[in-house]
Peer 1: 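For reference, the structure I am asking about is given below.
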2 protein chains.
Amino acid sequence: MPKTWAEDAQHRLREAGYRNGPVRIAVIELLDAENCCVSAADVHASLNERVGLASVYRVLESLHAAGLVRRVDVGDGIARYEPLRESGEHHHHLVCTECGKVEAFDDPALERAIRRVEAKSGYAVEQHDVVLQGACDTCR
Amino acid sequence: MPKTWAEDAQHRLREAGYRNGPVRIAVIELLDAENCCVSAADVHASLNERVGLASVYRVLESLHAAGLVRRVDVGDGIARYEPLRESGEHHHHLVCTECGKVEAFDDPALERAIRRVEAKSGYAVEQHDVVLQGACDTCR
DNA sequence: AGCTTGACGAGAATCGGTATCGTCAGCCGC
DNA sequence: GCGGCTGACGATACCGATTCTCGTCAAGCT
């Protein structure tokens, strides 16, 4: 791949009329380095809290509006974001009910089953999420 | 079935050391009459706001702790609850991104696929949720 | 009847997230 | 290069959902 997701994201946001300020670039780099979901608070902490929390939310919101990130909610009331890469592959999440850890998994058969449900639903489905909750192997 | 879910819930909560006060009974009856998910605010409104909102949350929390209800979060920041009936059947949710409507669906093939993923996960999975988001047929 | 303990309601507190506002800097045309 | 427009930024106020605290009350054991 010629371009990283970070470069692509900066480019597409610029085309959408946004300017790339230091906070935006930093957030994008951070997301690109992460493979699974991160919360706004995570980003804020990773940036050493030297940036305004509102700016972090703004950047994540603009990325979401541009379709560059996926918003994931695993049920704990905290929104998390993860980059939507060109490849189109995506994953779902296992949440430990004991320690709160979030892990990723993917499964082609599950995707096919969901695809079929989507087709039958009558909805123009844009996104689907599967969340499994339970005790992880270290917690039980 | 000899017992309704409401009777069973009251019985099991009593066994768990809770007492059945008027609010608890009212909330349980309300949930039993509902087939899909309701939020704490819905319950509060349905009870004519004559009860404390905190009491509604307390009852829902105790029902959840006893494994009598399922907590559903479709990503809008509002927790919803629905009764977990003996039969074991359950459904998942379609959320309209335009009007916020929540519908239920179920699909045996999807359940089987999830069951397989759970078995492979290494987690003691207690609950799984599938949420599809998109525009419903009336909104597009 | 007395005591313990949970249930209840009211309101304060918390927490994630959003909106507002004043300021600053990049980039445009001149 | 100089305004001026516009978006970026940080601080802070705000909002809505949920949880906590506390005083009071009543159920049910003894």
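These numbers come from the heavy atoms of this one structure, side chains and all, not from hydrogens, waters or symmetry mates. Below, read A as the first sequence line, B as the second, and so on, with proteins coming before strands; counting in each chain starts at 1.
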Peer 1: B:Tyr57 side chain: which of D:dT19, C:dG9, D:dC20 is closest?
Peer 2: D:dT19
Peer 1: D:dG10, D:dA17, C:dG11: which one has an atom nearest the side-chain heavy atoms of B:Ile78?
Peer 2: D:dA17
Peer 1: Go through A:His91 and A:Glu103 one step at a time and tell me if the side-chain hydrogen bond (donor to acceptor under 3.5 Å, both in side chains) criterion holds.
Peer 2: CA-CA 10 Å; A:His91 54 258; A:Glu103 273 186 70; over 6 Å; no
Peer 1: Identify, residue by residue, the members of residues 14-46 of chain B with a heavy atom below 4.0 Å from DNA chain D, and return them in order of residue number, or none.
Peer 2: B:Arg14, B:Arg19
Peer 1: Establish whether the base of C:dG9 is bridged to the side chain of B:Arg58 by a donor-acceptor pair shorter than 3.5 Å.
Peer 2: yes
Peer 1: Write down the distance between NE2 (B:His64) and P (D:dT18), rounded to a whole number of angstrom.
Peer 2: 13 Å
Peer 1: Does a side-chain N or O of B:Ser55 approach OP1 or OP2 of C:dG9 to a distance below 4.0 Å, or not?
Peer 2: yes
Peer 1: Give B:Arg50 one of three labels, base, sugar-phosphate or nothing, depending on what nucleic acid heavy atoms sit under 4.0 Å from its own.
Peer 2: sugar-phosphate
Peer 1: Can you measure from CZ (B:Arg116) to CG (A:Asp107) and round to the nearest 0.5 angstrom?
Peer 2: 7.5 Å
Peer 1: Identify whether the distance between the nearest side-chain nitrogen and carboxylate oxygen of A:Arg80 and A:Glu82 falls below 4.0 Å.
Peer 2: no
Peer 1: From the set D:dA17, D:dC9, D:dT19, return the single nucleotide nearest to any side-chain atom of B:Arg71.
Peer 2: D:dT19
Peer 1: Give one of base, sugar-phosphate or nothing for A:Leu53, where a contact means two heavy atoms less than 4.0 Å apart.
Peer 2: nothing
